[in-house]
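Per chain, numbering begins at 1; letters A, B, ... match sequence-line order. Please read these numbers as outputs of a predicted model, since none were measured by experiment.
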Number of protein chains: 2
Amino acid sequence: MPDKRTPGSSSSHTIMPQEPAQADRFGRARQARSATLLEDYAELIADLLATGGEARTVDVARRMGVAHATAVKTIGRLKREGLVTALPYRGVFLTEAGHALADRVRARHRLVVELLVAVGVPVEDAEADAEGIEHHVSDGTLAAFAGFLQARK
Amino acid sequence: MPDKRTPGSSSSHTIMPQEPAQADRFGRARQARSATLLEDYAELIADLLATGGEARTVDVARRMGVAHATAVKTIGRLKREGLVTALPYRGVFLTEAGHALADRVRARHRLVVELLVAVGVPVEDAEADAEGIEHHVSDGTLAAFAGFLQARK
DNA sequence: CAGGATATGTAGCATAGGCTATATTCGACG
DNA sequence: CGTCGAATATAGCCTATGCTACATATCCTG
Ligand SMILES: [Mn+2]
Ligand SMILES: [Mn+2]
Ligand SMILES: [Mn+2]
Ligand SMILES: [Mn+2]
């Protein structure tokens, strides 16, 4: 290994000012990752409620592509966070907070897909990638997307 | 793995053909999420190696914004997956596979930031959001990004 | 070259999110 | 109105990612 001349050893002496910024970005990405499931479930449940009038655990599980027991656990987290309520054997319902979240998430999802298509991404890829990308699009970025799409109309 | 084909039932009315597609998209997003940490660590370690000649656990932890014990565990996973090697008390090194991954990840990261800036996202937001978005950009989408940037030069 | 500061290793704990397996309960219909 | 398949609930078990606390090892510096 080449020996660096840095007095404090190459490891951790000089505090580069961009270091905290990078750590902060990683932290925000972690945060977004942890909110991802809640957002997708809220959006999906809203969709099921709007389409079929009810959201059953089994349908949520099938649409998410997970085992029903997995959906049960995640729905439990949604309950703990005050986003849904559920009656035993009667399906899942969105609270007001849950509905608000679902609305925001759905709007963002659509805008992301639109943007991707606008820059030339094939629709299928756009739909697939948007499912992950959407959770990492901040308000500032979202506004820029809207502006870009507006300008190009 | 097991691909269930549930016949029609009370709650799951008609089998909409887009259902499996949606489950597939969610599944791919989950996969991308699970690869996220490996990609970020590989990129960061490559950066530390290029910049300072060595990648110490403490530096990785600080740049990632996590406790050092957390970095140790993740580096353990990188070892198990054959992406890095490490000598006790001597820092971390990339294998050939690790280097290849880091290169791909870095290129994609830069392209994503470029694309975001090109559509009008403020640089700071672009840098922040790209850290999460990059892990969900497929090859097809990446190619479209490159094409868009090329056309606008 | 001794000691203190820093880095590293390791153990234990928690939560999230997957899974399978095994009850129960519901509800459609013969 | 009883039965049986589908839906629901619950109980483990696993891995991945975080954390704190404490024990060692290394490395600077006086
Ligand atoms: Mn999503
Ligand atoms: Mn979505
Ligand atoms: Mn990243
Ligand atoms: Mn990156």
Side-chain angles (χ1 to χ4, degrees), chain A residues 1 3-15 23 26-41 48 52 54-81 83 86-92 135, chain B residues 1-13 15 23 26-41 48 52 54-81 83 86-92 135:
Chain A
M1 299 141 258
D3 212 62
K4 282 325 265 183
R5 241 6 17 205
T6 326
S9 112
S10 55
S11 80
S12 62
H13 222 269
T14 343
I15 305 156
F26 282 127
R28 279 196 251 178
R30 276 193 297 275
Q31 183 54 48
R33 229 154 53 220
S34 119
T36 291
L37 259 205
L38 297 181
E39 295 180 349
D40 282 339
Y41 270 70
L48 289 170
E54 61 178 5
R56 313 297 297 234
T57 304
V58 67
D59 294 318
V60 173
R62 178 169 33 243
R63 297 271 292 256
M64 289 297 306
V66 297
H68 87 274
T70 299
V72 167
K73 275 193 192 175
T74 303
I75 289 170
R77 188 180 158 207
L78 288 165
K79 284 188 214 166
R80 287 202 306 281
E81 312 228 355
L83 295 169
L87 304 174
Y89 294 97
R90 295 308 299 268
V92 185
H135 308 282
Chain B
M1 322 292 262
D3 200 1
K4 282 191 196 143
R5 177 58 33 188
T6 314
S9 76
S10 51
S11 78
S12 29
H13 312 267
I15 306 162
F26 282 126
R28 278 196 252 177
R30 276 194 297 276
Q31 183 55 47
R33 231 153 54 219
S34 118
T36 290
L37 260 205
L38 297 182
E39 295 180 348
D40 282 338
Y41 270 70
L48 289 170
E54 62 179 4
R56 312 298 295 237
T57 303
V58 67
D59 295 317
V60 172
R62 178 169 32 246
R63 297 271 291 257
M64 289 299 304
V66 298
H68 87 276
T70 299
V72 168
K73 276 193 192 174
T74 303
I75 289 170
R77 190 180 157 208
L78 288 165
K79 283 187 215 167
R80 286 203 305 281
E81 311 228 354
L83 296 169
L87 303 174
Y89 295 97
R90 284 280 167 256
V92 185
H135 309 282

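- By the side-chain hydrogen bond (donor to acceptor under 3.5 Å, both in side chains) test, B/R28 pairs with B/D24, sequence neighbours left out.
- Distance, B/E54 CD to D/dC27 C1': 12 Å, rounded to whole Å.
- When the side chain to side chain contact (heavy atoms under 4.5 Å, CB included) test is applied to B/K73, no partner is found at least two apart in sequence or on another chain.
- Closest heavy-atom contact between A/Y89 and A/R56: O-NH2, 3.1 Å.
- Atom pair B/Q31:CD and C/dG18:C1' shows a separation of 12 Å (rounding to whole Å applied).
- One interatomic measurement links the two molecules: NZ of A/K79 to C1' of D/dT8, which rounds to 11 Å at whole-angstrom precision.
- In this structure, CZ in B/R90 is found 8.5 Å from CD in B/E54, a value given to the nearest 0.5 Å.
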Sugar-phosphate atoms are those with a prime plus P, OP1 and OP2; base atoms are the rest. Using that split, label each nucleotide of nucleotides 15-23 of chain D B, S or - for protein heavy atoms under 4.0 Å, 5' to 3'.
-SBBBB---
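- Protein atom CG of A/L78 is 13 Å distant from nucleotide atom C1' of C/dG17, rounded to whole Å.
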Is there any protein nitrogen or oxygen under 3.5 Å from a nitrogen or oxygen in nucleotides 1-4 of chain C, and what are the pairs?
none

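- Between the P atom of D/dA7 and the CZ atom of A/R62 lies a distance of 7 Å, rounded to the nearest Å.
- With sequence neighbours left out, the side chain to side chain contact (heavy atoms under 4.5 Å, CB included) criterion links B/Q31 to B/S34.
- Between the CD1 atom of B/I75 and the C1' atom of C/dG9 there is a distance of 12 Å, given to the nearest Å.
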Please list, for nucleotides 1-4 of chain D, all pairs of protein and nucleotide N/O atoms separated by less than 3.5 Å.
none

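- Taking 4.5 Å as the limit, some side-chain heavy atom of B/R30 sits within range of a side-chain heavy atom of A/V66.
- For A/R63 and D/dA7, the CZ to P distance is 15 Å, given to the nearest whole Å.
- To the nearest 0.5 angstrom, A/D40 atom CG is 3.5 Å from A/H135 atom NE2.
- Taking atom OH of residue A/Y89 and atom P of nucleotide D/dT8, one finds them 9 Å apart after rounding to whole Å.
- Proximity of A/R90 to the phosphate of C/dG27: no side-chain N or O atom is located under 4.0 Å from OP1 or OP2.
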